[in-house]
Protein chains: 2
Amino acid sequence: MSGSTRTPTLADVAETAGVSLSTASLTFSGNKPVAEATRERVLAAAAALGYRGPNPLARNLRQGRSGVVGVAVGQLSEAFRDPATLPLFDAMSEVLGAAGLGLLLMADDDGHARLPLDAVIFDICGRDVWMPYDDLVARGVPLVVIEGPAWPGTTYVDIEHRRGSAELARHLRGLGHDRVATVTLEPSQPQREREAGLREVYADLEVVGACASDLTAAQEVVGAWLDTDPDATALVCQSDVQAAGAVLEARRRGLSVPGDLSVAGFDGVATPWLDLELTTVVQPIAEKGRTAARAALARIEGEAVADVVLPVELRVGGSTGPAPRRDAQGG
Amino acid sequence: MSGSTRTPTLADVAETAGVSLSTASLTFSGNKPVAEATRERVLAAAAALGYRGPNPLARNLRQGRSGVVGVAVGQLSEAFRDPATLPLFDAMSEVLGAAGLGLLLMADDDGHARLPLDAVIFDICGRDVWMPYDDLVARGVPLVVIEGPAWPGTTYVDIEHRRGSAELARHLRGLGHDRVATVTLEPSQPQREREAGLREVYADLEVVGACASDLTAAQEVVGAWLDTDPDATALVCQSDVQAAGAVLEARRRGLSVPGDLSVAGFDGVATPWLDLELTTVVQPIAEKGRTAARAALARIEGEAVADVVLPVELRVGGSTGPAPRRDAQGG
DNA sequence: TTGTATGCGTTATCAC
DNA sequence: GTGATAACGCATACAA
C-alpha cells in the first residue's frame, strides 16, 4: 500500500527481493560476501524498481564522512593567475579522485562553514589565504597546509625555499654578479626563507619591493626600479611570472636580458609566450599536490602524518648570463 | 552516566540546557522564534559543552541536500589553460558561495558517482567533457550545461556564437579582406555555429584545422598553414589564446600583424604578455557563470528554468587592419 | 513559545 | 550467508 512515485530505497529493494535490509546493503557495499543467487535477486529487484544505489547522504551520516575535501585558495582569481596552481590542483584532484573523494573549492568569503568537509587543504603558497582555523580545528577537521604558516595540529607540506634560493645566488655569483636585487612577494615565512637563502651569498641584497605574482604588477614594480638606474646586475624574482614581467619590462626599456640584466625566477612553470627559457628554481609542484592530498587522506584515516619538505632544483636557462662590465653608469 | 569524550550532539545541548531537542534545533536554525531567555540558555549550554553547531552530515540527510554543486570540466589542466575558465569559476563560486553552497571540481576520470551532488554544471565551452548523463538524470540531479550539446532535461546557458562570428566577419569585409581562413576548435555545436556565422559573409571560408585552445598548439597549426603561403589575408581564431599564438607565429616568420595578416580571436580575455590588443568577440564570461550558477540554484529549488543565450560584442583591437595589397604572392 | 514523536536511508553489530 | 535491530544527528509536523 506504499506510494508509487517515491524514489526507491534500499528497504524497498530488500522487500521486493524478499531479503533482509542487511543483505541488500551488503549486496551494494560488498563489505561481506553474499551468495551469488541472492545477489542477483537483489540486483534484479533494484533494476525493476529503478534503484540507483545507496543514497550518499544517508551513507555519509552513517559513516561520519562526506567524501569531500576542501581546498582553501584565497581569492580564486588570484590563486589561478599563478600558473603553479593548476598543476597543483591537477595532482591533488588525481589523488583524491582515485580515493573516491571530491575536491571542493573554497574561496575566501564563501560561507563554507556549514559544509561537511572531511579535511581541508590550505593552498597558501605565498598568498593571503584566510584560515577559519579555530573553527575547523574545533570541529576536528584534519588540516594540511601547503607553504604556509606553522599552526599547531596541522600537517605541513613545504619546499626548500632557502636552499633553492641560495643555490640560485651561488649561480649568479659564479657569473660574476656582485650586486643582486630581488623582487619579493607579500611577506610570509617562505618569502623570508628565500631572502635568507639569497643573503647567504649576497649579504647586501637589495630588496626591490613586494608585488603580487602577476605579470602587470611585476612589470610596474620592476619598471619603477629600473628607473632608479640601479647598481644590481641581476634581479631575482620570486615566481616565473614575475620574472617574465621583469624580462618584458627590461626589454621595453632597451635593456637586453641577460646582456644588461640577468633575471631569475622561481617555480619552474612554462612560459611559452616568452622566447626565452628562464633561469629558475624548479619546485616539484605535482609532487607537492600529491603529497598534500595523500596527507589529507591519511589524516582522514586517523593516521599521524609527518611534515614534508620537498627538494627543489636549480634550472639554468637563458635569462641569466655573465655580469656586464661596468663602464659608465650611475648608481 | 554518559561518556565524556564523545563530541556533543544537539541532544546533549538540549539536555544540558533543560530544553527539548526541537527547541535546541530551532535555536540554531532560526526557523522559528525562540524566547530570548531560552535561546541564551541553549547557547550557554552549547558553549559549555563545546558544541560547534549542528552536524552538517545529519542536516544534509534530513533535508535531502548536500550543499554541494559539482562542476564538470573535463581534464583540469586543459580546462584551466583556457583563460576564460577562471572568470567563469569566479562568478559561479561567488553566486553559489553566497547561497551557502560549495563548488566541487569534477575532473573526468574521478569517481564522483558516490558523492551527493545537489546539481551539476557542465562547463563544456567547446571542450570534451565526459557526461555521466544517464546516471545523473536517473538520480534526479539537476543539470546545467554551458555551451554544450542539447540533452533533454538539462538547462542551457550559451552565447551568441553565430551572431558574434558574423559580426566579426563583417568587420573584416569592411577592411577589404576577400579571403578569410579560420582555425577551429574540436568539432562541437558552438564551433559549427561560429563557422556558420563566418560563412554568412565568407561563403568560401577556408578552414585551417582544429587544435586545442592552447598557445603552442595554435602556433603549430598556424605555422603549418603559413608555410602553405595562403591566399587568406585574415585569420579568425576561436579563442584569444589561439589568436595570440597566431600573432606570435606570424611575427616569427617576419609577417607583421595586422600589416600582412589580420588576426582575430574570440572570448575577450586579457593577454597582457601580448603587446597588441586583439580584435575579438567579447563574451560575457562572468555573466555566463552567474547565470549558470543561478540556474543551478533555481533547479535545486525545483523551479523550472528557461535556457539562456547571452549576447556577445565585437571589440576591435589592433590585430586587424586593412587587407594588404596583393602584388606578387603565390597561393 | 515549547515539547513529543517520527523519519531521513543507511551501515554496523550481533546473533542465528 | 542471512536477518533483526540499533544507531547516525538532526529537522519538522503536530500537539500542547
Side-chain angles (χ1 to χ4, degrees), chain A residues 2-3 6-43 45-46 49-67 100 113-118 139-140, chain B residues 2-3 6-43 45-46 49-67 100 113-118 139-140:
Chain A
S2 60
R6 206 180 79 261
T7 81
T9 80
L10 195 49
D12 299 327
V13 174
E15 185 183 338
T16 304
V19 301
S20 76
L21 183 55
S22 355
T23 303
S25 176
L26 259 18
T27 302
F28 285 98
S29 73
N31 285 352
K32 278 188 180 174
V34 170
E36 183 56 22
T38 318
R39 211 184 83 86
E40 280 173 9
R41 216 146 28 93
V42 172
L43 260 27
L49 293 178
Y51 179 73
R52 313 300 300 186
N55 179 331
L57 256 21
R59 182 180 31 219
N60 284 353
L61 172 58
R62 185 57 237 243
Q63 304 191 328
R65 295 193 182 180
S66 66
R114 306 169 70 90
L115 292 179
L117 266 15
D118 287 349
R139 288 205 279 162
Chain B
S2 60
R6 205 181 78 263
T7 79
T9 80
L10 195 50
D12 299 328
V13 174
E15 185 182 339
T16 304
V19 301
S20 77
L21 182 56
S22 56
T23 301
S25 176
L26 259 19
T27 302
F28 286 98
S29 73
N31 285 352
K32 278 189 180 173
V34 170
E36 183 56 24
T38 318
R39 210 183 85 86
E40 279 173 8
R41 215 142 32 92
V42 172
L43 261 27
L49 293 177
Y51 180 72
R52 313 300 298 187
N55 179 330
L57 256 20
R59 185 184 27 221
N60 285 352
L61 172 58
R62 183 58 235 246
Q63 304 189 330
R65 295 194 182 179
S66 66
R114 305 168 71 90
L115 293 180
L117 266 15
D118 287 349
R139 289 206 279 162

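Keep in mind the model is a prediction, meaning the values are calculated, not measured. By convention in this document, chain letters (A, B, ...) are assigned in the order of the sequence lines, proteins followed by strands, and residues within each chain are numbered from 1.
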Consider the side chain of [X], meaning its heavy atoms from C-beta on, and name the nucleotide among [options] that approaches it most closely.
| X | options | result |
| --- | --- | --- |
| A:Gln63 | C:dT10, C:dA12, D:dC10 | C:dA12 |
| B:Arg62 | C:dG9, C:dA12, C:dG7 | C:dG7 |
| B:Leu61 | D:dA4, C:dG9, C:dT1 | C:dG9 |
| A:Ser20 | C:dG9, D:dG1, D:dG3 | D:dG3 |

Can a donor-acceptor pair be found between the side chains of A:Thr23 and A:Ser20 at a distance below 3.5 Å?
yes

Scan side-chain atoms only and decide if B:Asn60 and B:Ser66 contain a donor-acceptor pair under the 3.5 Å cut-off.
no

Just to be sure I understand the rule, does A:Asn60 reach a base, reach only the sugar-phosphate, or reach nothing, if contact means heavy atoms closer than 4.0 Å?
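The answer is nothing, as A:Asn60 stays clear of every strand by at least 4.0 Å.
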
Of A:Thr23 and B:Ser25, whose nearest nucleotide on DNA chain D comes first from the 5' end?
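Whichever sits nearer the 5' end wins; that is A:Thr23.
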
Taking for each residue the nucleotide of DNA chain D with the nearest heavy atom, is it A:Val34 or A:Leu21 whose nucleotide lies nearer the 5' end?
A:Val34

Starting at atom [atom1] of [X], determine the distance to atom [atom2] of [N], rounded to an integer number of angstrom.
| X | N | atom1 | atom2 | answer |
| --- | --- | --- | --- | --- |
| A:Arg139 | D:dG9 | CZ | P | 15 Å |
| B:Arg41 | C:dT2 | CZ | C1' | 11 Å |
| B:Arg59 | C:dG9 | CZ | C1' | 18 Å |
| A:Phe28 | C:dG9 | CZ | C1' | 13 Å |
| A:Leu26 | C:dC14 | CG | C1' | 13 Å |
| A:Arg6 | C:dC8 | CZ | C1' | 11 Å |
| B:Leu10 | D:dT12 | CG | P | 12 Å |
| A:Glu36 | D:dT2 | CD | C1' | 16 Å |

Are OP1 or OP2 of [N] and a side-chain N or O of [X] less than 4.0 angstrom apart?
| X | N | value |
| --- | --- | --- |
| A:Thr38 | D:dT2 | yes |
| B:Tyr51 | D:dG9 | no |
| B:Asn31 | D:dA11 | no |

Establish whether the base of D:dA4 is bridged to the side chain of A:Ser22 by a donor-acceptor pair shorter than 3.5 Å.
yes

Within a strict 4.5 Å, meaning less than it, do heavy atoms of the [X] and [Y] side chains meet?
| X | Y | result |
| --- | --- | --- |
| A:Thr9 | A:Asn55 | no |
| A:Leu21 | A:Leu10 | yes |
| B:Arg114 | A:Arg59 | yes |

Quick check: on DNA chain C, is the nucleotide nearest A:Pro8 upstream (toward 5') of the one nearest A:Lys32, or the reverse? Name the residue that is more 5'.
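Checking each residue's closest nucleotide, the 5'-ward one belongs to A:Pro8.
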
